[in-house]
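For reference, the structure is listed below as C-alpha coordinates.
Heavy-atom basis, side chains included; hydrogens, waters and symmetry copies ignored. Convention: sequence-line order gives letters A, B, ...; per-chain numbering from 1.
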There are 2 protein chains.
Amino acid sequence: MSKIETNHPKRRRGADLENAVLSSAWQLLNEVGYHDLTMAAIAKKANAAKPVLYRRWPDKSSLAASAILKFGPKLDVKIPDTGSLREDLIDFFGQLIKIFDIFGTEKLNGLVTDRLKSIPMEKLFETSNSDNKLQKSVEEILKNAEKRGELVFKNLSPRVLHLPSVLFINEVVSQESVTMAVITDIVDEILLPVFTANS
Amino acid sequence: MSKIETNHPKRRRGADLENAVLSSAWQLLNEVGYHDLTMAAIAKKANAAKPVLYRRWPDKSSLAASAILKFGPKLDVKIPDTGSLREDLIDFFGQLIKIFDIFGTEKLNGLVTDRLKSIPMEKLFETSNSDNKLQKSVEEILKNAEKRGELVFKNLSPRVLHLPSVLFINEVVSQESVTMAVITDIVDEILLPVFTANS
DNA sequence: CATTTTAAGATACCAGGGTATACTATTCAA
DNA sequence: TTGAATAGTATACCCTGGTATCTTAAAATG
(Lines give C-alpha, C1' and ligand atoms only; values in the text may rest on other atoms or scores of the structure.)
Protein backbone atom coordinates (compact mmCIF):
# COMPACT_ATOMS: atom_id res chain seq x y z
CA MET A 1 0.00 0.00 0.00
CA SER A 2 1.50 3.17 -1.22
CA LYS A 3 0.29 6.62 -1.95
CA ILE A 4 -3.09 5.52 -3.24
CA GLU A 5 -4.88 8.68 -2.41
CA THR A 6 -2.34 10.70 -4.38
CA ASN A 7 -2.35 13.29 -1.71
CA HIS A 8 -1.03 12.22 1.57
CA PRO A 9 2.04 14.28 1.18
CA LYS A 10 4.05 14.48 4.27
CA ARG A 11 4.05 18.20 3.98
CA ARG A 12 1.18 20.30 2.86
CA ARG A 13 2.08 23.52 1.14
CA GLY A 14 0.57 26.65 -0.30
CA ALA A 15 -3.19 26.74 -0.57
CA ASP A 16 -3.61 23.34 1.06
CA LEU A 17 -1.91 24.41 4.18
CA GLU A 18 -3.50 27.80 4.14
CA ASN A 19 -6.94 26.31 4.00
CA ALA A 20 -6.18 23.98 6.85
CA VAL A 21 -5.08 26.89 8.98
CA LEU A 22 -8.05 29.06 8.12
CA SER A 23 -10.40 26.21 8.77
CA SER A 24 -8.87 25.57 12.16
CA ALA A 25 -9.01 29.24 12.98
CA TRP A 26 -12.65 29.40 12.00
CA GLN A 27 -13.56 26.44 14.17
CA LEU A 28 -11.73 27.76 17.18
CA LEU A 29 -13.23 31.17 16.67
CA ASN A 30 -16.65 29.63 16.91
CA GLU A 31 -15.73 27.60 19.93
CA VAL A 32 -13.88 30.05 22.09
CA GLY A 33 -14.28 33.46 20.49
CA TYR A 34 -11.65 35.89 19.35
CA HIS A 35 -10.33 36.80 22.75
CA ASP A 36 -9.47 33.28 23.73
CA LEU A 37 -8.25 32.32 20.33
CA THR A 38 -4.53 31.66 20.42
CA MET A 39 -2.09 31.32 17.61
CA ALA A 40 -0.59 28.27 19.23
CA ALA A 41 -3.97 26.56 19.36
CA ILE A 42 -4.67 27.33 15.73
CA ALA A 43 -1.30 25.96 14.72
CA LYS A 44 -1.79 22.84 16.77
CA LYS A 45 -5.27 22.17 15.46
CA ALA A 46 -4.02 22.57 11.90
CA ASN A 47 -0.99 20.41 12.60
CA ALA A 48 1.13 23.28 11.51
CA ALA A 49 3.86 25.30 13.09
CA LYS A 50 3.41 28.81 14.35
CA PRO A 51 5.83 30.36 11.87
CA VAL A 52 3.58 29.11 9.11
CA LEU A 53 0.84 31.35 10.40
CA TYR A 54 3.07 34.35 10.67
CA ARG A 55 4.45 33.81 7.22
CA ARG A 56 0.97 34.31 5.84
CA TRP A 57 -0.68 36.75 8.17
CA PRO A 58 0.99 39.63 9.93
CA ASP A 59 -0.91 39.10 13.14
CA LYS A 60 -3.71 37.31 14.90
CA SER A 61 -6.41 39.76 13.93
CA SER A 62 -5.60 39.46 10.25
CA LEU A 63 -5.75 35.73 10.42
CA ALA A 64 -9.08 35.84 12.19
CA ALA A 65 -10.42 38.30 9.67
CA SER A 66 -9.34 36.06 6.81
CA ALA A 67 -11.07 33.11 8.39
CA ILE A 68 -14.29 35.03 8.76
CA LEU A 69 -14.07 36.31 5.22
CA LYS A 70 -13.61 32.77 3.98
CA PHE A 71 -16.08 30.86 6.10
CA GLY A 72 -18.39 33.50 7.48
CA PRO A 73 -21.72 34.45 5.95
CA LYS A 74 -21.20 36.07 2.60
CA LEU A 75 -22.26 39.63 2.21
CA ASP A 76 -25.32 39.51 0.09
CA VAL A 77 -24.03 41.29 -2.96
CA LYS A 78 -27.58 42.04 -3.92
CA ILE A 79 -27.94 45.76 -3.67
CA PRO A 80 -31.43 46.76 -2.70
CA ASP A 81 -33.36 49.02 -5.04
CA THR A 82 -36.56 49.72 -3.23
CA GLY A 83 -37.16 53.06 -4.84
CA SER A 84 -36.21 55.04 -1.79
CA LEU A 85 -32.81 55.93 -0.45
CA ARG A 86 -33.96 55.48 3.10
CA GLU A 87 -35.24 51.97 2.54
CA ASP A 88 -32.21 51.00 0.51
CA LEU A 89 -29.85 52.06 3.26
CA ILE A 90 -31.81 50.38 6.00
CA ASP A 91 -32.10 47.21 4.00
CA PHE A 92 -28.42 47.11 3.18
CA PHE A 93 -27.12 47.70 6.66
CA GLY A 94 -29.65 45.30 7.98
CA GLN A 95 -27.81 42.65 6.01
CA LEU A 96 -24.52 43.58 7.60
CA ILE A 97 -25.82 42.89 11.05
CA LYS A 98 -25.92 39.22 10.27
CA ILE A 99 -22.19 38.82 10.23
CA PHE A 100 -22.05 39.92 13.80
CA ASP A 101 -25.16 38.15 14.88
CA ILE A 102 -24.04 34.74 13.72
CA PHE A 103 -21.53 34.55 16.52
CA GLY A 104 -22.96 36.87 19.01
CA THR A 105 -20.87 39.96 19.35
CA GLU A 106 -18.97 38.74 22.42
CA LYS A 107 -17.23 36.19 20.28
CA LEU A 108 -15.86 39.02 18.19
CA ASN A 109 -14.83 41.23 21.06
CA GLY A 110 -11.42 42.62 20.52
CA LEU A 111 -11.22 41.71 16.87
CA VAL A 112 -12.31 45.04 15.56
CA THR A 113 -10.14 47.02 17.92
CA ASP A 114 -7.17 44.86 17.09
CA ARG A 115 -7.79 45.38 13.41
CA LEU A 116 -7.93 49.10 13.97
CA LYS A 117 -4.36 49.00 15.14
CA SER A 118 -3.16 48.32 11.64
CA ILE A 119 -5.80 49.72 9.35
CA PRO A 120 -8.16 52.69 9.36
CA MET A 121 -11.85 52.16 9.89
CA GLU A 122 -12.95 52.57 6.32
CA LYS A 123 -10.68 49.78 5.24
CA LEU A 124 -12.04 47.24 7.69
CA PHE A 125 -14.24 45.75 5.05
CA GLU A 126 -11.61 45.51 2.38
CA THR A 127 -10.25 42.14 1.51
CA SER A 128 -6.81 41.70 0.11
CA ASN A 129 -7.89 40.96 -3.43
CA SER A 130 -11.24 42.62 -3.87
CA ASP A 131 -11.91 46.24 -3.22
CA ASN A 132 -14.06 47.59 -0.48
CA LYS A 133 -17.35 45.96 -1.23
CA LEU A 134 -19.25 47.85 1.38
CA GLN A 135 -18.01 51.11 0.00
CA LYS A 136 -18.96 50.18 -3.52
CA SER A 137 -22.41 49.12 -2.46
CA VAL A 138 -23.07 52.34 -0.65
CA GLU A 139 -21.98 54.26 -3.70
CA GLU A 140 -24.28 52.32 -5.93
CA ILE A 141 -27.20 52.90 -3.63
CA LEU A 142 -26.43 56.58 -3.68
CA LYS A 143 -26.20 56.67 -7.43
CA ASN A 144 -29.58 55.06 -7.67
CA ALA A 145 -30.87 57.77 -5.40
CA GLU A 146 -29.34 60.35 -7.68
CA LYS A 147 -31.29 58.96 -10.61
CA ARG A 148 -34.44 59.56 -8.65
CA GLY A 149 -33.31 63.08 -7.90
CA GLU A 150 -32.81 62.50 -4.18
CA LEU A 151 -29.28 63.86 -4.16
CA VAL A 152 -26.29 64.89 -6.23
CA PHE A 153 -23.65 62.23 -6.05
CA LYS A 154 -20.64 64.26 -7.05
CA ASN A 155 -21.26 66.60 -4.16
CA LEU A 156 -20.48 63.83 -1.72
CA SER A 157 -16.91 63.84 -0.47
CA PRO A 158 -14.94 60.69 0.37
CA ARG A 159 -15.39 61.46 4.03
CA VAL A 160 -19.13 61.47 3.59
CA LEU A 161 -19.01 58.27 1.60
CA HIS A 162 -17.11 56.60 4.40
CA LEU A 163 -19.55 57.76 7.01
CA PRO A 164 -21.78 54.67 6.87
CA SER A 165 -18.84 52.34 7.55
CA VAL A 166 -17.58 54.55 10.31
CA LEU A 167 -20.90 54.69 12.08
CA PHE A 168 -21.49 51.01 11.71
CA ILE A 169 -18.08 50.09 13.06
CA ASN A 170 -18.58 52.50 15.89
CA GLU A 171 -21.70 50.69 16.98
CA VAL A 172 -19.94 47.37 16.88
CA VAL A 173 -16.98 48.66 18.82
CA SER A 174 -19.26 50.22 21.37
CA GLN A 175 -20.18 46.73 22.44
CA GLU A 176 -23.85 47.36 22.10
CA SER A 177 -25.80 45.01 19.95
CA VAL A 178 -26.62 46.51 16.62
CA THR A 179 -30.34 46.15 16.10
CA MET A 180 -32.58 47.24 13.29
CA ALA A 181 -33.77 50.07 15.48
CA VAL A 182 -30.21 51.32 15.71
CA ILE A 183 -29.85 51.08 11.97
CA THR A 184 -32.95 53.09 11.24
CA ASP A 185 -31.93 55.71 13.77
CA ILE A 186 -28.56 56.09 12.15
CA VAL A 187 -30.10 56.36 8.72
CA ASP A 188 -32.78 58.83 9.73
CA GLU A 189 -30.81 61.01 12.06
CA ILE A 190 -27.46 61.07 10.38
CA LEU A 191 -27.04 59.49 6.97
CA LEU A 192 -30.08 60.93 5.23
CA PRO A 193 -29.47 64.48 6.43
CA VAL A 194 -25.85 64.30 5.35
CA PHE A 195 -26.46 62.71 1.98
CA THR A 196 -29.28 64.98 1.04
CA ALA A 197 -27.73 68.17 2.39
CA ASN A 198 -26.67 69.09 -1.12
CA SER A 199 -29.60 67.80 -3.05
CA MET B 1 10.81 66.42 64.91
CA SER B 2 7.72 64.63 63.98
CA LYS B 3 7.23 62.70 60.86
CA ILE B 4 4.47 64.91 59.66
CA GLU B 5 6.71 66.33 57.00
CA THR B 6 7.34 62.79 55.76
CA ASN B 7 10.71 63.83 54.54
CA HIS B 8 12.31 60.57 53.68
CA PRO B 9 9.73 57.97 54.29
CA LYS B 10 10.94 54.63 53.33
CA ARG B 11 7.66 53.89 51.71
CA ARG B 12 5.54 56.29 49.82
CA ARG B 13 1.85 55.68 49.90
CA GLY B 14 -1.40 56.96 48.50
CA ALA B 15 -1.27 60.16 46.50
CA ASP B 16 2.48 60.47 46.84
CA LEU B 17 3.10 57.20 45.18
CA GLU B 18 0.39 57.70 42.65
CA ASN B 19 1.88 60.98 41.55
CA ALA B 20 5.29 59.44 41.21
CA VAL B 21 3.90 56.73 39.00
CA LEU B 22 1.89 59.09 36.82
CA SER B 23 4.85 61.38 36.46
CA SER B 24 7.07 58.51 35.38
CA ALA B 25 4.45 57.33 32.97
CA TRP B 26 4.14 60.79 31.49
CA GLN B 27 7.86 61.13 30.98
CA LEU B 28 8.21 57.74 29.37
CA LEU B 29 5.21 58.42 27.19
CA ASN B 30 6.97 61.48 25.85
CA GLU B 31 10.20 59.64 25.37
CA VAL B 32 9.15 56.41 23.76
CA GLY B 33 5.45 56.74 22.92
CA TYR B 34 2.57 54.56 23.97
CA HIS B 35 3.52 51.52 22.00
CA ASP B 36 6.91 51.15 23.57
CA LEU B 37 5.75 52.14 26.99
CA THR B 38 6.01 49.21 29.35
CA MET B 39 4.55 48.75 32.77
CA ALA B 40 7.85 47.41 34.03
CA ALA B 41 9.65 50.53 32.88
CA ILE B 42 7.12 52.80 34.52
CA ALA B 43 7.41 50.90 37.75
CA LYS B 44 11.16 50.99 37.66
CA LYS B 45 11.36 54.67 36.90
CA ALA B 46 8.99 55.40 39.76
CA ASN B 47 10.88 53.07 42.07
CA ALA B 48 7.68 51.20 42.59
CA ALA B 49 6.58 47.66 42.09
CA LYS B 50 4.37 46.54 39.26
CA PRO B 51 1.52 45.45 41.50
CA VAL B 52 1.30 49.02 42.69
CA LEU B 53 0.37 50.06 39.20
CA TYR B 54 -2.20 47.37 38.79
CA ARG B 55 -3.73 48.13 42.13
CA ARG B 56 -4.59 51.59 40.84
CA TRP B 57 -5.22 51.17 37.16
CA PRO B 58 -6.84 48.19 35.51
CA ASP B 59 -4.48 48.21 32.56
CA LYS B 60 -1.78 50.04 30.71
CA SER B 61 -4.10 52.16 28.62
CA SER B 62 -5.92 53.48 31.68
CA LEU B 63 -2.68 54.42 33.32
CA ALA B 64 -1.50 56.20 30.20
CA ALA B 65 -4.80 58.02 29.91
CA SER B 66 -4.55 59.15 33.53
CA ALA B 67 -1.06 60.46 32.96
CA ILE B 68 -2.17 62.46 29.96
CA LEU B 69 -5.17 63.79 31.80
CA LYS B 70 -2.91 64.91 34.62
CA PHE B 71 0.06 66.31 32.78
CA GLY B 72 -1.17 66.86 29.26
CA PRO B 73 -2.51 70.15 27.94
CA LYS B 74 -5.72 71.05 29.63
CA LEU B 75 -8.80 71.26 27.54
CA ASP B 76 -9.57 74.92 27.33
CA VAL B 77 -12.84 74.99 29.20
CA LYS B 78 -13.60 78.20 27.47
CA ILE B 79 -16.49 77.50 25.21
CA PRO B 80 -16.40 79.63 22.11
CA ASP B 81 -19.35 81.89 21.38
CA THR B 82 -18.56 83.44 18.08
CA GLY B 83 -22.13 83.99 17.07
CA SER B 84 -22.19 81.17 14.57
CA LEU B 85 -22.56 77.47 15.14
CA ARG B 86 -20.11 76.71 12.41
CA GLU B 87 -17.37 78.86 13.86
CA ASP B 88 -18.04 77.64 17.38
CA LEU B 89 -17.64 74.03 16.35
CA ILE B 90 -14.52 74.64 14.33
CA ASP B 91 -12.99 76.65 17.11
CA PHE B 92 -13.76 74.06 19.75
CA PHE B 93 -12.49 71.05 17.89
CA GLY B 94 -9.48 73.01 16.83
CA GLN B 95 -8.59 73.12 20.50
CA LEU B 96 -8.82 69.37 20.80
CA ILE B 97 -6.21 68.85 18.14
CA LYS B 98 -3.60 70.19 20.47
CA ILE B 99 -3.69 67.20 22.74
CA PHE B 100 -2.68 65.00 19.89
CA ASP B 101 -0.30 67.46 18.31
CA ILE B 102 1.81 67.90 21.40
CA PHE B 103 3.20 64.45 20.99
CA GLY B 104 2.70 63.79 17.40
CA THR B 105 0.08 61.18 16.81
CA GLU B 106 2.55 58.32 16.43
CA LYS B 107 3.37 58.62 20.09
CA LEU B 108 -0.26 57.88 20.86
CA ASN B 109 -0.66 55.03 18.42
CA GLY B 110 -2.41 52.16 20.04
CA LEU B 111 -3.65 54.09 23.01
CA VAL B 112 -7.05 54.87 21.61
CA THR B 113 -7.61 51.39 20.28
CA ASP B 114 -6.56 49.90 23.58
CA ARG B 115 -8.95 52.18 25.40
CA LEU B 116 -11.72 51.11 23.09
CA LYS B 117 -11.34 47.59 24.36
CA SER B 118 -12.80 48.59 27.70
CA ILE B 119 -14.95 51.61 27.02
CA PRO B 120 -17.17 52.80 24.20
CA MET B 121 -16.08 55.69 22.05
CA GLU B 122 -18.27 58.34 23.56
CA LYS B 123 -16.75 57.74 26.95
CA LEU B 124 -13.18 58.20 25.84
CA PHE B 125 -13.18 61.75 27.07
CA GLU B 126 -14.68 61.04 30.41
CA THR B 127 -12.46 61.21 33.41
CA SER B 128 -13.11 59.21 36.52
CA ASN B 129 -14.38 62.10 38.57
CA SER B 130 -15.71 64.65 36.13
CA ASP B 131 -18.32 63.95 33.54
CA ASN B 132 -17.71 63.98 29.85
CA LYS B 133 -16.44 67.49 29.34
CA LEU B 134 -16.36 67.25 25.61
CA GLN B 135 -19.94 66.15 25.55
CA LYS B 136 -21.04 68.98 27.81
CA SER B 137 -19.20 71.52 25.74
CA VAL B 138 -20.78 70.38 22.54
CA GLU B 139 -24.17 70.60 24.15
CA GLU B 140 -23.55 74.11 25.32
CA ILE B 141 -22.42 75.18 21.90
CA LEU B 142 -25.58 73.70 20.46
CA LYS B 143 -27.77 75.43 23.01
CA ASN B 144 -26.20 78.72 22.11
CA ALA B 145 -27.02 77.98 18.52
CA GLU B 146 -30.58 77.28 19.52
CA LYS B 147 -30.86 80.73 21.07
CA ARG B 148 -29.90 82.16 17.71
CA GLY B 149 -32.51 80.00 16.05
CA GLU B 150 -30.05 77.82 14.19
CA LEU B 151 -31.53 74.58 15.44
CA VAL B 152 -33.86 72.94 17.92
CA PHE B 153 -31.88 71.31 20.65
CA LYS B 154 -34.44 68.85 21.91
CA ASN B 155 -34.67 67.31 18.50
CA LEU B 156 -31.12 66.10 18.76
CA SER B 157 -30.84 62.50 19.91
CA PRO B 158 -27.98 61.17 22.06
CA ARG B 159 -26.54 59.49 19.01
CA VAL B 160 -26.39 62.80 17.24
CA LEU B 161 -24.85 64.49 20.26
CA HIS B 162 -22.13 61.86 20.32
CA LEU B 163 -21.38 62.26 16.68
CA PRO B 164 -18.66 64.89 17.13
CA SER B 165 -16.70 62.66 19.48
CA VAL B 166 -17.12 59.68 17.24
CA LEU B 167 -15.90 61.49 14.18
CA PHE B 168 -12.99 63.01 15.99
CA ILE B 169 -11.88 59.71 17.43
CA ASN B 170 -12.24 58.12 14.07
CA GLU B 171 -9.81 60.56 12.55
CA VAL B 172 -7.33 59.93 15.31
CA VAL B 173 -7.64 56.19 15.02
CA SER B 174 -7.21 56.43 11.28
CA GLN B 175 -3.66 57.50 11.91
CA GLU B 176 -3.99 60.51 9.75
CA SER B 177 -3.02 63.79 11.24
CA VAL B 178 -6.02 65.81 12.21
CA THR B 179 -5.61 69.24 10.69
CA MET B 180 -7.83 72.28 10.75
CA ALA B 181 -8.79 71.46 7.18
CA VAL B 182 -10.09 68.12 8.37
CA ILE B 183 -12.01 69.78 11.14
CA THR B 184 -13.73 72.25 8.86
CA ASP B 185 -14.60 69.50 6.43
CA ILE B 186 -16.18 67.47 9.17
CA VAL B 187 -18.13 70.43 10.42
CA ASP B 188 -19.32 71.55 7.01
CA GLU B 189 -20.03 68.21 5.44
CA ILE B 190 -21.38 66.30 8.38
CA LEU B 191 -22.01 68.06 11.64
CA LEU B 192 -23.84 71.12 10.38
CA PRO B 193 -26.16 69.16 8.10
CA VAL B 194 -27.02 66.78 10.90
CA PHE B 195 -27.50 69.38 13.59
CA THR B 196 -29.61 71.64 11.46
CA ALA B 197 -31.61 68.90 9.83
CA ASN B 198 -34.46 69.62 12.21
CA SER B 199 -34.17 73.35 12.49
C1' DC C 1 1.73 51.89 73.26
C1' DA C 2 0.08 47.50 71.37
C1' DT C 3 -2.48 45.46 67.94
C1' DT C 4 -4.77 45.18 63.78
C1' DT C 5 -5.34 46.54 59.12
C1' DT C 6 -3.78 48.35 54.97
C1' DA C 7 -0.90 48.60 51.24
C1' DA C 8 4.01 48.83 49.51
C1' DG C 9 8.10 45.97 48.22
C1' DA C 10 10.28 42.23 45.98
C1' DT C 11 10.05 38.81 43.25
C1' DA C 12 8.63 34.82 40.87
C1' DC C 13 5.48 33.35 37.72
C1' DC C 14 2.12 32.56 33.76
C1' DA C 15 0.19 33.14 29.20
C1' DG C 16 0.24 34.60 24.77
C1' DG C 17 1.98 37.26 20.69
C1' DG C 18 5.54 37.22 17.88
C1' DT C 19 10.58 35.96 16.22
C1' DA C 20 14.84 33.28 15.25
C1' DT C 21 17.24 29.18 14.07
C1' DA C 22 18.46 24.85 12.46
C1' DC C 23 16.92 21.30 9.81
C1' DT C 24 14.42 18.92 5.93
C1' DA C 25 10.94 17.81 2.42
C1' DT C 26 9.33 19.52 -1.96
C1' DT C 27 9.53 21.99 -6.19
C1' DC C 28 11.65 23.62 -10.10
C1' DA C 29 15.18 24.81 -13.38
C1' DA C 30 19.11 23.29 -15.84
C1' DT D 1 19.15 13.59 -12.58
C1' DT D 2 20.90 16.81 -9.83
C1' DG D 3 21.38 20.93 -7.27
C1' DA D 4 19.51 25.34 -5.75
C1' DA D 5 15.74 27.71 -4.00
C1' DT D 6 11.60 27.58 -1.50
C1' DA D 7 8.84 26.88 2.27
C1' DG D 8 7.50 23.46 5.66
C1' DT D 9 8.68 21.33 10.81
C1' DA D 10 10.19 21.64 15.37
C1' DT D 11 11.48 24.08 18.91
C1' DA D 12 13.58 27.39 21.73
C1' DC D 13 13.29 31.95 22.83
C1' DC D 14 12.11 36.91 23.89
C1' DC D 15 9.02 40.39 25.50
C1' DT D 16 5.48 42.26 27.95
C1' DG D 17 0.90 42.45 30.11
C1' DG D 18 -0.91 40.87 33.97
C1' DT D 19 -1.21 37.96 38.53
C1' DA D 20 0.06 35.64 42.90
C1' DT D 21 2.64 35.30 47.06
C1' DC D 22 5.16 36.46 50.82
C1' DT D 23 7.36 39.80 53.68
C1' DT D 24 7.31 44.23 55.99
C1' DA D 25 6.54 49.35 56.69
C1' DA D 26 3.24 52.51 57.95
C1' DA D 27 -1.18 54.03 59.33
C1' DA D 28 -5.28 53.48 62.01
C1' DT D 29 -7.61 51.97 65.94
C1' DG D 30 -8.33 51.67 70.84
Side-chain angles (χ1 to χ4, degrees), chain A residues 2-3 6-22 24-25 28-29 31-67 109-111 113-118, chain B residues 1-22 24-25 28-29 32-67 109-111 113-118:
Chain A
S2 55
K3 301 189 174 173
T6 66
N7 285 337
H8 275 245
K10 280 186 177 169
R11 276 187 194 182
R12 297 157 300 176
R13 310 197 131 211
D16 251 13
L17 185 51
E18 182 164 328
N19 287 337
V21 171
L22 286 175
S24 299
L28 287 170
L29 199 49
E31 286 168 24
V32 304
Y34 178 76
H35 179 265
D36 293 330
L37 181 68
T38 73
M39 295 300 262
I42 297 171
K44 188 177 178 187
K45 181 159 199 140
N47 292 311
K50 257 208 297 181
V52 165
L53 314 197
Y54 285 100
R55 212 171 284 136
R56 287 175 168 72
W57 298 274
D59 55 38
K60 175 179 153 181
S61 71
S62 302
L63 171 47
S66 293
N109 260 343
L111 208 203
T113 42
D114 272 4
R115 288 296 286 153
L116 286 177
K117 284 183 180 165
S118 36
Chain B
M1 64 193 276
S2 65
K3 291 189 158 187
I4 293 174
E5 200 18 51
T6 67
N7 273 337
H8 287 252
K10 280 186 178 170
R11 275 186 194 184
R12 297 156 301 175
R13 307 199 132 211
D16 252 13
L17 185 54
E18 182 164 328
N19 287 338
V21 171
L22 286 176
S24 299
L28 287 170
L29 199 49
V32 304
Y34 178 78
H35 179 265
D36 292 331
L37 181 70
T38 73
M39 296 301 261
I42 297 171
K44 188 177 179 188
K45 180 160 199 137
N47 292 312
K50 257 207 299 180
V52 166
L53 315 197
Y54 284 101
R55 213 171 283 133
R56 287 175 167 74
W57 297 275
D59 55 37
K60 175 179 154 181
S61 72
S62 302
L63 170 47
S66 293
N109 259 344
L111 206 203
T113 41
D114 272 4
R115 291 295 286 153
L116 286 177
K117 284 182 180 167
S118 37

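- At a threshold of 4.5 Å between non-hydrogen side-chain atoms, the residues A:R12 and A:N47 count as touching.
- Judged by distance alone, with hydrogens and angles left aside, A:K60 brings no side-chain donor or acceptor close enough to the base of C:dG18 to form a pair under 3.5 Å.
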Report each atom pair, protein N/O against N/O of nucleotides 22-24 of chain C, whose distance is under 3.5 angstrom.
from	atom 1	to	atom 2	distance (Å)
C:dT24	O2	A:R11	NH1	2.9
C:dT24	O2	A:R11	NH2	3.3

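- Applying the salt bridge (Lys or Arg N to Asp or Glu O under 4.0 Å) test to residues at least two apart or on different chains, the pairs with a partner in residues 31-45 of chain A are A:E31-A:K45.
- Protein atom CG of B:D16 is 19 Å distant from nucleotide atom P of D:dA25, rounded to whole Å.
- For A:L28 and C:dG16, the CG to P distance is 12 Å, given to the nearest whole Å.
- We find that CG of A:D114 is positioned 10 Å from P of C:dG17, with the value rounded to whole Å.
- Spacing between atom CG of B:L17 and atom P of D:dA27 amounts to 12 Å, rounded to whole angstrom units.
- By the side-chain contact (heavy atoms from CB on, under 4.5 Å) test, A:R13 is found to be paired with no residue, residues two or more places apart in sequence or in another chain being considered.
- Atom NZ of B:K117 is separated from atom C1' of D:dG18 by 13 Å (rounded to the nearest Å).
- Among D:dG18, C:dG18, C:dA10, the nucleotide with an atom closest to any side-chain atom of B:P51 is C:dA10.
- Distance CG/A:L116 to CG/A:L111: 10.0 Å, rounded to 0.5 Å.
- Nearest approach of B:L37 to B:K60, heavy atoms of both residues: O-NZ, 2.8 Å.
- Within the model, atoms OG of B:S66 and CZ of B:R56 stand 11.5 Å from one another, a figure rounded to the nearest 0.5 Å.
- Across the interface with DNA chain C, nearest-nucleotide mapping of A:D59 and B:V52 shows B:V52 to be the residue nearer the 5′ end.
- When the P atom of D:dA7 is taken as reference, atom CG of A:L53 falls 16 Å away, rounded to whole Å.
- Residue B:Y54 places no side-chain N or O under 4.0 Å from the OP1 or OP2 atom of D:dT19.
- Distance from the side chain of B:A48 is smallest to C:dG9 among C:dT19, C:dG9, C:dA7.
- Scored by the side-chain contact (heavy atoms from CB on, under 4.5 Å) test, A:D114 finds A:Y34, A:S61, A:K117, B:K117 as partners (sequence neighbours excluded).
- Distance CG (A:L63) to C1' (C:dG17): 12 Å, rounded to an integer number of Å.
- A:A41 meets the side-chain contact (heavy atoms from CB on, under 4.5 Å) test with A:L28, A:T38; sequence neighbours excluded.
- For B:R13, the listed nucleotide lying nearest its side chain is C:dA8; candidates were D:dT9, D:dG18, C:dA8.
- The nearest whole Å value for the distance from the CZ atom in B:R56 to the P atom in C:dT6 is 16 Å.
- What you find for A:S24 and A:I42 is that their closest heavy atoms are CB-O, 3.9 Å.
- For the contact set between residues 34-44 of chain A and DNA chain D, defined by any heavy atom under 4.0 Å, there are no members.
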